[in-house]
Amino acid sequence: MDKRVARYAPSPTGPLHLGNLQTALGAWLQARLFDCEFWLRIEDLDVSRCKPIWTNKIVCDLNWLGLNWDKGPGKCDSKYWLQSERSDYYKSVIKTLAETHRLYPCICSRRDIQELANAPHGPLGSVYPGTCRKRLATTTFTNLFEYECSLRFAVEPTKLDFTDMILGKTTMQAGTDFGDFVVYRKDAVVAYHLAVVVDDVVAGVTDIFRGEDLLSSVFPQLCLYEAMQETPPRYWHAPLRKDDKGDRLSKRDQSASLQSYIDQGASPAQIIGTLAYGLGLVELECELTADELLNSLDPDDFIQALRVVQSRAD
Ligand code: GLU
């Protein structure tokens, strides 16, 4: 049987809240139930927002909950799991995409795009109108990373679909629902879609379990899999945890952070029980360890429970 690999990939922009941890628990259970090697990858590309202190806190919080990993902090060299150390590799992939005429330099600012009259809007924000696309055929890249502009991936207009393990079949029209997207930012930061796909390909990731807020990001990512001639993984997009008012939790709201529950005396088993209830894996909020929860589930129950919770949230 081929090796299966799964991952949890938080951004260290603040302390993890119960919503982040609910996804982490889901990703860990999915990996363990489906015999996947489990990676913890730290997505700290945007150095202005990410801080090493939060990376350390993520590691502590996951350990405290009993969610262990096979590759990641403390298990292998940081060049495999810390995105800020992988820029040269991302750039080598960007270079290949440029050489095969999948990228072009773009001088439009975010404001230029928003200010265009009737700028179309899709599920991923403003759809880039293609102002700089004429450069696709004409640009010969010599010093690719020295232009003071961003690099955009040229999307082929086509209908894309995939079947999510929880949400079922999902479709988007490339070129209409989303347009040419940035893979390298003007401020010299590798963009999210590119880094995520490259890292998942290199690690051999077969299963991606994450929050449903990232569902629409699958489609630009599928374009990159196609351009890199790689097979996309299976996706699992799980319901997000909401606060009492029905709003998504935010890292800015410290009261939702795990630390605030620890400070009030919560035990790991209480938090796991709460998160498991949020995922629909237990009938009542109860106390149980991560291993006890894992041992109580089988793969089919896990999928069914997530689908039921999702259908209730719709
Ligand atoms: N780093 C992203 C986040 O913290 C997750 C990216 C992914 O799972 O693809 O929201």
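Atoms within a ligand are numbered from 1 in the order they appear, just like the ligands themselves. These figures come from a predicted structure and were not determined experimentally.
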(request) Evaluate side chain to side chain donor-acceptor pair (under 3.5 Å) for Glu285 paired with Gln270, printing each intermediate quantity in order. (result) CA-CA 8 Å; Glu285 288 206 27; Gln270 281 168 331; over 6 Å; no
(request) In sequence, state the C-alpha distance, the side-chain angles, and the governing distance for Asp44 and Ser84, and then conclude on side chain to side chain donor-acceptor pair (under 3.5 Å). (result) CA-CA 6 Å; Asp44 64 341; Ser84 56; 2.6 Å; yes
(message) If you apply the rule side-chain contact (heavy atoms from CB on, under 4.5 Å), what do you find for Val198 with Val202, and how did you get there?
(response) CA-CA 6 Å; Val198 169; Val202 171; 4.3 Å; yes
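Classification of Arg86 and Asp199 as a salt-bridged pair holds, one side-chain N sitting under 4.0 Å from a carboxylate O.
Between Gln259 and Asp263, the side chains place a donor N or O and an acceptor N or O closer than 3.5 Å (distance only, hydrogens not considered).
The side chain to side chain contact (heavy atoms under 4.5 Å, CB included) test applied to Ala6 returns Gln30, Ala31, Cys36, Phe38, Asp207, not counting sequence neighbours.
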Measure and list all N/O to N/O distances between ligand 1 and the protein that fall under 3.5 angstrom.
from: ligand 1; atom 1: 1 (N); to: Ala9; atom 2: O; distance (Å): 2.8
from: ligand 1; atom 1: 1 (N); to: Ser11; atom 2: OG; distance (Å): 2.9
from: ligand 1; atom 1: 1 (N); to: Glu43; atom 2: OE1; distance (Å): 2.6
from: ligand 1; atom 1: 4 (O); to: Ser11; atom 2: N; distance (Å): 3.2
from: ligand 1; atom 1: 4 (O); to: Ser11; atom 2: OG; distance (Å): 3.2
from: ligand 1; atom 1: 8 (O); to: Arg7; atom 2: NH1; distance (Å): 2.7
from: ligand 1; atom 1: 9 (O); to: Arg7; atom 2: NH2; distance (Å): 3.1
from: ligand 1; atom 1: 9 (O); to: Tyr192; atom 2: OH; distance (Å): 3.0
from: ligand 1; atom 1: 9 (O); to: Arg210; atom 2: NH1; distance (Å): 2.7

